[in-house]
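Contents: one structure, followed by commentary.
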Protein chains: 2
Amino acid sequence: MSPKFVDRKEKQQHIARAALKLFALKGFAATSVEQIATAAGVGKGTLYEYFETKTDIFVAAIVEWMKQFENTIMAELAHIEDPLTRLKTFVAVSTALVDPIDPLTARFSIEILQHTLIEDGALYERRHVMKDVHTGMRKILESILLDGISKGVFRPEWARDAEKFAINLLGYIDGISLHYLMSQNYFHIREQVAFTLQNVIGMLRSKPGDPWGPADIDNDRLTVEIKN
Amino acid sequence: MSPKFVDRKEKQQHIARAALKLFALKGFAATSVEQIATAAGVGKGTLYEYFETKTDIFVAAIVEWMKQFENTIMAELAHIEDPLTRLKTFVAVSTALVDPIDPLTARFSIEILQHTLIEDGALYERRHVMKDVHTGMRKILESILLDGISKGVFRPEWARDAEKFAINLLGYIDGISLHYLMSQNYFHIREQVAFTLQNVIGMLRSKPGDPWGPADIDNDRLTVEIKN
DNA sequence: TTTTTTCCCGACTAATCAGTCGATTACCTG
DNA sequence: CAGGTAATCGACTGATTAGTCGGGAAAAAA
């Protein structure tokens, strides 16, 4: 049955993925190690061959989750040139995570948030993990903005505030996603995001002396499929 | 010692407040009923005279928390006439919750979020609680905007989008607050919020044909004291 | 075949904790 | 003062669960 030598990395990843689903669905506290073992198709003892503690499994699940997200967004951006489309795509991929069909990852991000913030949360001692994620996201967004400026699509004055812009937009995306999850059917996240994008792009493109108004953009790029 | 007849409402509130501090500090799961009892200065058995379950204590703590926030914001707004100042005050009070000196309430809001979203979270069956909170906040913000329009400070075209505007701004406030909490010292929340406010107010005030630019507002109203 | 190595497992342990219950105290009333 | 009642308490119970450990199975080596 079991081969003499097992690819430990691969098996760890397999377990981490099984754990990710459970953590996202039920939360860290409500997910027992036994359940993870069952979901991964191994015994509880085996699980402890590959991870020291439950928290380690959690961290591995987070890493797995981030990897998937980053892959998705980089793949989407890879073949897009137009700065406007790049910006819209970035926002679309980010908000697609809370699509009602698959709210798991969004719930999971709450779980991470909590264990990062709460004093004896599983991640309190490893807060840098989330900081690194956000820094990575911000860099991508900043580069989109600066690229747009260099291509003459956005006005150059915004270069000075690229970082502030990126931080704010990321904050908005997360916040509106959370509110959406909490009060489903109360508003339409696509419309809300499109509204913001219109205003933001209107701002980014307007030049002093130009009449200002929300950008009249098409929202085709606001739909993105996230592969699990 | 104990009087023959006790004001049950008052004692419940007393316990709820003690619980609020603990829940905010350590989270729902990590706070034991025993600890709540000790913090409230009563025995564990007594506590169950006033609440049926641990979850009921949690809900009571949430209600207590919301009441405090609403009192603060209404008190602040009560004596302000100028729409711009009202808007800035609203944002200031909302973000003051994540002041590094007292991040408890922000952590608590994460806790609520989680138990609202996770399937067997303590609040999953009572999701409407959070929805109601947000509706209340949104109404306040909308009224500020409409009032500003009627006073000629904001351009009337925005009336149509008052609701979208309010939902987006509330989402932004929560999102930027969360990011701030997660990566302390990485950015300055006051500057970020001021930046957004400048742009938002610039948008709200600009008229078609006007040269567009961020509003040159003073940020005095961005500091607010939250009383515990 | 026999031995060794690697991997797998689930019963067990020790600790935690939500909720119960019977005993006790303190106040009130007659 | 005495009987009754409201309020308090914390030891106990039952259930859950993170992490351990020793036995066993399969593959490789000898």
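FYI, side chains are in, hydrogens and waters are out, and symmetry mates aren't considered; it's all heavy atoms of this structure. Residue numbers begin at 1 in each chain, while the letters A, B, ... track the order of the sequences.
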Atom-to-atom span, CD of B/Gln12 to C1' of D/dA7 - whole angstrom:
14 Å

Near DNA chain D, counting only heavy atoms under 4.0 Å, which residues of residues 27-35 of chain A show up?
A/Thr31, A/Ser32, A/Val33

Got a second to check how far B/His188's NE2 is from A/Ile167's CD1, nearest 0.5 Å?
9.5 Å

What is the distance, rounded to the nearest whole Å, between atom CD1 of B/Ile15 and atom P of D/dA7?
13 Å

To the nearest angstrom, the CD1-P distance between B/Ile36 and D/dG10 comes to 16 Å

When rounded to the nearest 0.5 Å, the distance separating CD1 of A/Ile62 from CD1 of A/Ile57 is 12.5 Å

Heavy atoms only, 4.0 Å cut-off, all strands: where does A/Phe51 land among base, sugar-phosphate and nothing?
nothing

Could you state the atom-to-atom distance from CG of A/Leu47 to C1' of C/dG10 in whole Å?
13 Å

Find every protein N or O atom lying less than 3.5 Å from an N or O atom of nucleotides 20-22 of chain C, and list the pairs.
none

Using whole Å, what does the distance between atom C1' of nucleotide D/dA6 and atom CZ of B/Arg8 come to?
10 Å

Once you round it to whole Å, what is the distance between P of C/dA18 and CG of B/Leu22?
12 Å

Reported CD1-to-CD1 distance for the pair A/Ile189 and A/Ile173, which is rounded to 0.5 angstrom
9.5 Å

Given C/dA18, C/dC7, D/dT8, which nucleotide is nearest the side-chain atoms of B/Tyr50?
D/dT8

Side chains of B/Thr116 and B/Tyr124: donor-acceptor distance under 3.5 Å anywhere?
no

Residue pair B/Lys26, B/Lys21: steps toward the side-chain contact (heavy atoms from CB on, under 4.5 Å) verdict:
CA-CA 9 Å; B/Lys26 304 145 61 78; B/Lys21 280 183 197 159; over 6 Å; no

Under 4.0 Å between a side-chain nitrogen and a carboxylate oxygen: does that hold for A/Lys139 and A/Glu142?
no

Side chain to side chain donor-acceptor pair (under 3.5 Å) contacts touching residues 54-63 of chain A (sequence neighbours left out)
A/Thr53-A/Asp56, A/Asp56-A/Arg126

Interatomic distance, CD1@B/Ile112 vs CE@A/Met182, rounded to 0.5 Å, equals 8.5 Å

Rounded distance in Å - NZ (A/Lys11) to P (C/dT6)
16 Å

Separation between CG (B/Leu169) and CG (B/Asp174), nearest 0.5 Å, reads 10.0 Å

